Amino acid sequence: MPVVGLLDQRSPDELADRLRGFRQGLKDSDFVEGQNVAIDYRWAQNKEDRLPELAADLVRRRVAVIAATGGIGPTLAAKAATTTIPVVFIVSDDPVRLGLVASLARPGGNLTGINFFNVELTAKRLELLRELVPATTRVAVLINPANTEYTETTVREVGAAARTIGLQIQVLNASTSREIDAAFATIVRERPDALFVGNDAFFNARRVQLALLAGRHGVPAILSDREYAEAGGLMTYGSNIVDVYRQVGVYAGRILKGAKPADLPVVQSTKFELVINAQTARMLGLTVPPTLLATADEVIE
């Protein structure tokens, strides 16, 4: 029975829907866990420094393919661990710019995967935040400085988008739960009009904490992953992440059937979702414009 290694920096209880999507993708390629394929999971439990050893362990296990999910950290760990075992990644920025593949059409090495365009959607998220909270002039931007590959790009993109629509930004850093608390203490003290949370696997793992703090302190916030709105957050806009995981499963299945990652083009997301939590909007004293309600893919009541 072939073995697929799945490498992620989070824990499995945070990813139930996504894992179902991954298994569905394998099934779409005629592979069912426990029947004709095994999945060897490696979880870093939000300790990114564990990723290199976990990746090396999968290489020693001689898995047939590695699914590196959860952003650039697992992908770089897998890339460093092997030049022969196929790796299917999920990243939110241009994989050519990140040095993962030679080109989108012909990756050329042992890596291919999915680009789900979170960085490119930065300007759209700011526009949506401004549409929901028209009086916004100052926006706090929360980033994870440990995620160096994305942090610089996020700050640059947010800064450019903010200048275009006349917003001022204040960058706040957080790499731990305590630092998230400290960032909100700064927000409470300086009272920006809204909060933009950068795309990061750690922030996704802390989505309940973020939603609770934003609600408690009356801060309208937008993230990329729909799980934040489901956890009580105000609004999200980004790729359909469950479908992204399904596509990773499909590619893993195709590789098990003999396809080479060098010949599998990088898939670029085409499904984007706007999710609004109407109950949270009411709690924050916000009236969601009818035009925004009409364009939302889901409104949580």
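None of the values given here were measured: they were computed from a predicted structure.
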Exercise. Is any side-chain heavy atom of Thr236 closer than 4.5 Å to a side-chain heavy atom of Arg125?
Worked result: no
Exercise. Crowded around Gln279 CD? As in, over 12 foreign heavy atoms under 6.0 Å?
Worked result: no
Exercise. Ignoring hydrogens and geometry, is there a side-chain-to-backbone donor-acceptor pair from Asn240 to Lys271 under 3.5 Å?
Worked result: no
For this session: Take Ile276 and Ile300 through the side chain to side chain contact (heavy atoms under 4.5 Å, CB included) test and state the conclusion after the steps.
Result: CA-CA 6 Å; Ile276 299 171; Ile300 298 172; over 6 Å; no
Exercise. Is there a side-chain contact between Glu33 and Leu26, using heavy atoms and a 4.5 Å cut-off?
Worked result: no
Exercise. Rounded to the nearest 0.5 Å, what separation is found between the CD1 atom of Ile143 and the CG atom of Asn199?
Worked result: 12.5 Å
Exercise. Will you find, in the side chains of Thr291 and Glu131, an N or O donor that is under 3.5 Å from an N or O acceptor?
Worked result: yes
For this session: Can you establish whether the number of heavy atoms outside Lys257 located under 6.0 Å from its atom NZ is more than 12?
Result: yes
Problem set entry | Linked, directly or transitively: Val141 and Leu210 (ILVMFWY side chains, under 4.5 Å) | no
Exercise. Does the side chain of Glu230 pick up a donor-acceptor pair with the side chain of Asn277 at under 3.5 Å?
Worked result: no
Problem set entry | Nearest-0.5 Å distance that lies between atom CD in Glu273 and atom CG in Asp225 | 10.0 Å
Problem set entry | Sidechain-backbone polar pair: Asp28 side chain, Val250 backbone, donor-acceptor under 3.5 Å | no
Problem set entry | Distance-minimising heavy-atom pair for Leu129 and Ala221 | CD1-C, 4.3 Å
Exercise. Are Phe89 and Pro95 side-chain neighbours, meaning at least one heavy-atom pair lies under 4.5 Å?
Worked result: yes
For this session: Please tell me if the side chains of Ile72 and Asn147 come closer than 4.5 Å, counting only heavy atoms from C-beta onward.
Result: yes
For this session: Could you tell me whether the side chain of Val63 reaches within less than 4.5 Å of the side chain of Val4, counting heavy atoms only?
Result: no
Exercise. What distance separates Arg18 CZ from Asp243 CG, expressed to the nearest 0.5 Å?
Worked result: 12.5 Å
Exercise. Is a side-chain donor or acceptor of Arg130 paired with a backbone partner of Ile165 at a separation under 3.5 angstrom?
Worked result: yes
For this session: Output the distance between atom CG (Asp17) and atom OH (Tyr245), rounded to the nearest 0.5 Å.
Result: 11.5 Å
For this session: Ignoring hydrogens and angles, tell me if any N or O in the side chain of Asp200 forms a donor-acceptor pair with the backbone of Leu142 under 3.5 Å.
Result: no
Problem set entry | Donor-acceptor contact present, side-chain Arg138 to main-chain Glu190, <3.5 Å | yes
Side-chain donor-acceptor distances from residues 104-111 under 3.5 Å, at least two apart:
{"residue": "Arg106", "atom": "NH2", "partner": "Asp263", "partner atom": "OD1", "Å": "3.1"}
{"residue": "Asn110", "atom": "ND2", "partner": "Thr82", "partner atom": "O", "Å": "3.2"}
{"residue": "Asn110", "atom": "ND2", "partner": "Ile85", "partner atom": "O", "Å": "2.9"}

Exercise. Stepwise, does the salt bridge (charged side-chain N to carboxylate O under 4.0 Å, His left out) test hold for Glu152 with Arg156?
Worked result: CA-CA 6 Å; Glu152 293 178 6; Arg156 184 173 64 250; 5.6 Å; no
Exercise. If every non-hydrogen atom of Val244 is compared with every non-hydrogen atom of Ser269, which pair is closest and at what distance?
Worked result: CG2-OG, 3.5 Å
Exercise. For the side chain of Ser175 and the backbone of Asn144, is there at least one donor-acceptor N/O pair under 3.5 Å apart?
Worked result: no
Exercise. Does the side chain to side chain contact (heavy atoms under 4.5 Å, CB included) test come out yes or no for Phe22 and Ile90, once each step is laid out?
Worked result: CA-CA 12 Å; Phe22 175 68; Ile90 297 175; over 6 Å; no
For this session: Might you point out which heavy atoms bring Val158 and Leu126 nearest each other, and give the distance in Å?
Result: O-CD1, 3.8 Å
Exercise. Would Leu100 and Val91 satisfy side chain to side chain contact (heavy atoms under 4.5 Å, CB included), going step by step from the backbone distance to the final call?
Worked result: CA-CA 10 Å; Leu100 302 177; Val91 295; 3.8 Å; yes
For this session: Tell me whether Ile114 is reachable from Leu15 by hopping between hydrophobic residues (I, L, V, M, F, W, Y) whose side-chain heavy atoms are closer than 4.5 Å.
Result: yes
Exercise. Hey, mind stepping through Met235 and Val275 against side chain to side chain contact (heavy atoms under 4.5 Å, CB included) and telling me if it holds?
Worked result: CA-CA 6 Å; Met235 181 166 56; Val275 182; over 6 Å; no
Exercise. For the atom pair CG (Asn46) and CG (Asp8), what is the distance rounded to the nearest 0.5 Å?
Worked result: 8.5 Å
Exercise. Do we see a donor-acceptor contact under 3.5 Å between the side chains of Thr69 and Arg10?
Worked result: no
Problem set entry | Test item: Arg42 side-chain N/O and Ala55 main-chain N/O as donor-acceptor pair under 3.5 Å | no
Exercise. Ile39 versus Val3: any side-chain heavy-atom pair under 4.5 Å?
Worked result: no
Exercise. Between Asp193 and Pro220, which heavy-atom pair has the shortest distance, and what is it?
Worked result: O-CD, 3.4 Å
Exercise. Taking the side chain as C-beta and beyond, is there a heavy-atom pair between Tyr228 and Val197 under 4.5 Å?
Worked result: no
Problem set entry | Asn204 backbone acceptor or donor facing Arg207 side chain under 3.5 Å | yes
For this session: Report yes or no: do Leu51 and Val59 belong to one cluster of Ile/Leu/Val/Met/Phe/Trp/Tyr joined by side chain heavy-atom distances under 4.5 Å?
Result: yes
Exercise. Same hydrophobic cluster for Ile222 and Val288, using side-chain heavy-atom links shorter than 4.5 Å among ILVMFWY?
Worked result: yes
For this session: Enter the distance from Leu195:CG to Phe184:CZ here, rounded to the nearest 0.5 Å.
Result: 5.0 Å
Exercise. Considering all heavy atoms of both residues, which atom of Phe272 and which atom of Phe116 are nearest to each other, and what is their separation?
Worked result: CE2-O, 4.3 Å
Problem set entry | Linked, directly or transitively: Leu292 and Val133 (ILVMFWY side chains, under 4.5 Å) | yes
For this session: Not counting sequence neighbours, which residues clear side chain to side chain contact (heavy atoms under 4.5 Å, CB included) with Glu301? List them please.
Result: Ala278, Arg282, Val299
Problem set entry | Residue pair Leu121 / Ser239: nearest heavy atoms and the distance that separates them | CD1-N, 4.4 Å
For this session: Answer yes or no: does atom CZ of Arg60 have more than 12 heavy-atom neighbours from other residues, nucleotides or ligands under 6.0 Å?
Result: yes
Exercise. Is a side-chain donor-acceptor pair under 3.5 Å present for Glu157 with Thr154?
Worked result: no
Problem set entry | Heavy-atom donor-acceptor pair, Asp57 side chain to Glu53 backbone, under 3.5 Å | no
For this session: For Gln9 and Trp43, indicate whether the former's side chain and the latter's backbone hold a donor-acceptor pair under 3.5 Å.
Result: no
Problem set entry | Gln168 side chain near Val139 side chain, heavy-atom distance below 4.5 Å | no
